[in-house]
Amino acid sequence: MLKVNKLTSQQVVSLVDKSTSYYLLWLLPHLSFWEGTGERLQLVNLQHVVDMRDLSKDNNYISIKMITVTNLAIQFGKRVLYKDVNIKFTPGNIYGIIGANGAGKSTLLKAISGELVADNGYVELGPGERLSVLDQDHFKFDEYSVLDTVLMGHEPLWKNMKEREALYSKEEMTEEDGNRAADLELKFAEMNGWEAESEAAQLLQNLGVSESNHYKLMSELSNNEKVRVMLAKALFGHPDNLLLDEPTNDLDLDTVQWLEEYLSNVEQTVLVVSHDRHFLDAVSTQTVDIDFGKVTVFSGNYSFWYESSQLALRQAQNQKLKAEEKRKQLEEFIRRFAANVAKSKQTTSRKKMLEKLNVEEIRPSSRKYPGIIFQMEREPGNQILEVEGLKAVDADGTVLFDNVSFNIEKGQKTVFLSHNPKAMTALFEIINGNREADAGTYKWGVTITTAYLPLDNTDFFKSDMNLVDWLSQYGPGNEVVMKGYLGRMLFKQEEVEKKVNVLSGGEKMRCMIARMQLKNANCLILDTPTNHLDLESIQAFNNNLVGFKGNILFASHDHEFIQTVADRIIELTPNGTIDKLMSYDDYIYDEQIKEQKAGMYGNQH
């Protein structure tokens, strides 16, 4: 017990044993401060001592639950990712973690989960709190059934179940076994064990894993299905703290929408890394920005951070703007942003973030955004693309779409949707002349020039050319011109000499976008264009497409991309199309369209 005179709370905190994660704040006015000692808590006021067991009968204290990160530092070799990170992540908040590629977003989650040992500092959880992590190893549970894998997400419950099974399988139980079994039964009931299997099954159903798969081994599932099971495992049992690294990867738009709604109603502490801006906006109450080698928490979601940091950057570049004028601009920005969110479909709990938006937190970002600029060399005529009775059948006999007919009007930006993503790829391959249709015809207008970004770009990079020589194949211009295009796509001077066959997925996509820009086409065809791109590239790509004057035909899993770019929606089904001139948000919430979709897909999901 500490033998000290009256101290401030800050001084006491510095004296508390740092290995403990149990803090108790005593609110009674006659107590000066509090002290944590792990298993027992003792409160000291001069000679007055109160035992923790007595406190448990009193309502005048609060158990503070949070993830506390103290003096965290991480570096790889000589490269310091960040140091002196001090953050308290509190319940009821969802923290969207953002930062340029390589900034250390996933690394921060690994340090918090204990998967990675930090070079300095430590992470503490509240007493008895459960931490759940979205597992990235999709082969780890291959020998287990799907349902068991989800149940394993609640480790104390799973251990209880296995120990109970072992006890009850004994031919004869000792008195000690009986007492242990009784204790396990009590804890099993406290952990809601009797409803565990039905809750796990419901989670799987909501995430698109059909009941027929629940008792299969994980090894029998496709990678796409495994991703959903891993997500169900992370969510199962309502963990106190949840760490999600790219949870929307490989999910269709309907499942992402379900996940947004689910997370918007949780009251636990959630940390999320994602490249999906709409998802971040829908769920985040605060943004954790890894920039300038520091980790900083801001109130507000991704859009607030992006728009405010851009405004702050413009202000910083305007030397004539006085401090008072800058503040007025920022306050007006906050007012307008809050008004827009208030009118949105976001849940009330997520709108709480508006109360915390703060002018003092707004600052410029060091992020670099690629220069993606599509320009048309030729003005298109009125005839763009006519499609009549198209049909595509997959190699296994699955009808991807049938009886597809539409006429694209000048200037339209059309998104194609389907329950089966292969349908959009098949359509784009057909209209680009790379695949034969199983029925039907298509005809491009004579003034139309196209630039195509395919889903699979593997064949483009089977070469040992460097980046400059590779890009030179696709358009006019000398080495300086090609280096200019690559520079705008954020390739550094030394990087343009790299061989294209060693590029990462993100680097290949940036090369493909540079290739498209060389064509100066008046019709862009984009198959899932945000794949492998970081948030900065997605944002820049999105911004340019909004202002592009030609036609765009595209497919995407990115809600924000679709909502801001598309003015027409065509859904491809095995029984024709649903074709609407409306925004994406209006389309997905329309009850009549939901009924129409159910009828046109039949038994296909």
Side-chain angles (χ1 to χ4, degrees), residues 94 96 132-135 146-147 149-150 153 195 197-214 221-239 242-268 270-285 301-302 344-351 415 417-421 528 530 555-563 569 571 583-598 601 604-605:
I94 299 184
S132 188
V133 180
L134 176 57
D135 212 305
V146 168
L147 200 60
T149 300
V150 176
E195 284 78 39
E197 286 202 9
S198 62
E199 285 182 12
Q202 187 60 57
L203 261 180
L204 287 166
Q205 290 270 49
N206 290 337
L207 287 166
V209 181
S210 62
E211 197 172 347
S212 59
N213 286 330
H214 292 188
L221 300 190
S222 68
N223 190 59
N224 187 286
E225 290 167 325
K226 283 183 177 180
V227 166
R228 294 161 188 263
V229 178
M230 291 293 114
L231 189 51
K233 174 179 175 288
L235 300 177
F236 176 66
H238 305 287
L242 185 58
L243 309 184
L244 301 174
D245 193 349
E246 299 292 356
T248 63
N249 275 6
D250 296 313
L251 297 185
D252 59 76
L253 288 161
D254 290 340
T255 309
V256 172
Q257 191 182 338
W258 176 85
L259 184 60
E260 286 175 1
E261 291 172 5
Y262 179 90
L263 290 175
S264 292
N265 292 303
V266 303
E267 289 302 325
Q268 295 92 337
V270 184
L271 278 65
V272 179
V273 172
S274 178
H275 286 108
D276 187 327
R277 295 161 300 154
H278 184 276
F279 178 74
L280 284 176
D281 278 353
V283 303
S284 298
T285 58
N301 57 17
Y302 171 77
S344 74
K345 292 186 170 72
Q346 286 197 8
T347 59
T348 306
S349 61
R350 293 301 151 245
K351 289 177 183 174
V415 64
L417 308 175
S418 180
H419 282 184
N420 190 338
T528 324
T530 59
S556 179
H557 293 307
D558 188 311
H559 187 127
E560 187 72 10
F561 210 89
I562 301 172
Q563 172 64 15
I569 294 167
E571 184 140 3
S583 76
Y584 179 62
D585 278 348
D586 289 341
Y587 183 85
I588 59 175
Y589 290 111
D590 190 295
E591 292 301 325
Q592 286 185 316
I593 292 174
K594 286 180 184 177
E595 288 178 22
Q596 190 180 354
K597 283 167 69 170
Y601 281 105
Q604 284 198 12
H605 297 286

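Position 1 is the first residue of the sequence, and the numbers go up from there.
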Discussion item. Run the side chain to side chain contact (heavy atoms under 4.5 Å, CB included) test on Leu271 and Leu244 for me, step by step, so that the C-alpha distance in whole Å, both residues' side-chain angles and the decisive distance to 0.1 Å come before the verdict.
Written reply: CA-CA 6 Å; Leu271 278 65; Leu244 301 174; over 6 Å; no
Discussion item. Would Leu203 and Leu231 count as a side chain to side chain contact (heavy atoms under 4.5 Å, CB included) here? Give the steps.
Written reply: CA-CA 9 Å; Leu203 261 180; Leu231 189 51; over 6 Å; no
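Residues passing the side chain to side chain contact (heavy atoms under 4.5 Å, CB included) test with Ser556 are Pro529, Thr530, Phe554, Asp558, Phe561, Ile562, sequence neighbours excluded. The side chain to side chain contact (heavy atoms under 4.5 Å, CB included) check on Gln592 picks up Asp590, with sequence neighbours excluded. Applying the side chain to side chain contact (heavy atoms under 4.5 Å, CB included) criterion to Asp245, with sequence neighbours excluded, gives Ser106, Leu109, Gln136, Val273. Residues satisfying the side chain to side chain contact (heavy atoms under 4.5 Å, CB included) test with Glu195, not counting sequence neighbours, are Asn192, Ser198, Glu199. Remark: His559 engages His278, Tyr584 in a ring pair (Phe, Tyr, Trp, His ring centres under 6.0 Å) (not counting sequence neighbours).
Scanning all heavy atoms of the two residues, the minimum distance from Pro247 to Leu134 falls at CA-CD2, 3.7 Å. Annotation for Val209 and Glu225: closest pair CG2-O, 4.3 Å, computed over non-hydrogen atoms. Taking every heavy atom of both residues into account, Val150 and Ala200 meet most closely at CG1-CB, 3.7 Å. Gly153 and Ser132 get closest at one heavy-atom pair: O-OG, 4.4 Å. Summarising the geometry of Thr255 relative to Asn206, their closest heavy-atom pair is CG2-O, 4.4 Å, with the distance given to 0.1 Å. Among all heavy-atom pairs drawn from Val227 and Asn249, the shortest one is CG1-O, 3.4 Å.
No donor-acceptor distance shorter than 3.5 angstrom exists from the side chain of Thr248 to the backbone of Leu251, with no hydrogens or angles considered. Side-chain atoms of Asn301 do not come within 3.5 Å of backbone N or O of Thr285 as any donor-acceptor pair. In terms of modelled atom types and a separation under 3.5 Å, the side chain of Ser583 and the main chain of Asp586 share a donor-acceptor contact. Judged purely by atom type and a 3.5 angstrom limit, Glu560 has no side-chain atom pairing as donor or acceptor with the backbone of Asp276.
Looking at Val146 and Leu204, their side chains come closer than 4.5 Å, going by heavy atoms from C-beta outward. Side-chain contact check for Gln268 versus Leu242: every heavy-atom pair is 4.5 Å or farther apart. Side-chain contact check for Val283 versus Val270: every heavy-atom pair is 4.5 Å or farther apart. Side chains of Glu571 and Tyr601 form a contact here, defined as non-hydrogen atoms less than 4.5 Å apart. Proximity of Gln257 to Tyr589: side-chain heavy atoms (C-beta onward) are separated by under 4.5 Å at one or more points. No side-chain heavy atom of Lys594 sits under 4.5 Å from any side-chain heavy atom of Lys597. You'll find the side chain of Ile94 reaches within 4.5 Å of the side chain of Val266, heavy atoms only. Side-chain contact between Tyr587 and Leu417 is present, with at least one heavy-atom pair separated by less than 4.5 Å.
Within the structure, salt bridge (charged side-chain N to carboxylate O under 4.0 Å, His left out) pairs that include any residue of residues 251-260 comprise Arg228-Asp252 (at least two apart or interchain).
For Ser264 and Glu261, the side-chain atoms include no donor-acceptor pair closer than 3.5 Å.
Between Lys226 atom NZ and Leu221 atom CG the span is 7.0 Å, to the nearest 0.5 Å.
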